[in-house]
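The block underneath contains the structure these notes are about, expressed in structure tokens.
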Amino acid sequence: MEEHPELMPLLTVAAGTMRGLSFRVGRESQVIGRAPTADLVLADPHLSRRHATVRLTAEGVCLTDLGSTNGTWLNDQRITGSVQLADGDLVRLGRTELRFFDPGVARTDPVGLHFGAPRRDSRPTLPLPVPPPRQSIEARATEPLG
């Protein structure tokens, strides 16, 4: 999987101030929180400084609450300790929602991923011709007639 980082599990901010931001989950434990020293920093005042951790294990991705004040929620159920994530899970930390995506077990093929050598049977894209700039009516009126 490390040879294809695009197949590494992914957490994407689905709701919150950082919506659209994505994080790859690696084998090293990654701290999620609002502290600048966290591995995955989320701008959410409702997060603890060190809120939770995620880590890729042989069994899958493990999410662990670090005793956060507002709790860590998985699919609308508060968790304590560690839980295993499944593709499509929704994790809520403070007011931030993260969608978990695991391309290795997803039921659909990842879109836009190419493995192996690039295809040679496609034609190169050629630029379209650009028309010359148009002259204004005033500029044409001052030109001498032919």
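- Here Asp76 contributes atom CG and Leu90 contributes atom CG; the two are 7.0 Å apart, rounded to the nearest 0.5 Å.
- The line from CG of Leu98 to OG of Ser22 is 9.5 Å long, rounded to the nearest 0.5 Å.
- For the side-chain contact (heavy atoms from CB on, under 4.5 Å) criterion with Phe23, the lone passing option out of Val41, Leu42, Asp39 is Leu42.
- Atom CZ in Arg78 sits 10.0 Å away from atom CZ in Arg92 (nearest 0.5 Å).
- Residues that satisfy the salt bridge (charged side-chain N to carboxylate O under 4.0 Å, His left out) test with Arg34, not counting sequence neighbours, are absent from this structure.
- Within the model, atoms CE of Met8 and CZ of Arg27 stand 6.0 Å from one another, a figure rounded to the nearest 0.5 Å.
- For the side-chain hydrogen bond (donor to acceptor under 3.5 Å, both in side chains) test, residues two or more places apart in sequence or in another chain that qualify with Asp44 are Thr96.
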(request) Starting from the C-alpha separation in whole Å, work towards a yes-or-no answer on side chain to side chain contact (heavy atoms under 4.5 Å, CB included) for Asp87 and Phe101. (result) CA-CA 5 Å; Asp87 185 55; Phe101 176 66; 3.3 Å; yes

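- The distance from the CG atom of Asn70 to the NE2 atom of His51 is 6.5 Å, given to the nearest 0.5 Å.
- For Arg19, the CZ atom sits in a loose shell: 12 or fewer heavy atoms of surrounding residues, nucleotides or ligands are nearer than 6.0 Å.
- Atom CG of Asp102 and atom CG of Leu85 lie 9.0 Å apart (nearest 0.5 Å).
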(message) Would Val54 and Leu40 count as a side chain to side chain contact (heavy atoms under 4.5 Å, CB included) here? Give the steps.
(response) CA-CA 10 Å; Val54 288; Leu40 308 177; 4.2 Å; yes

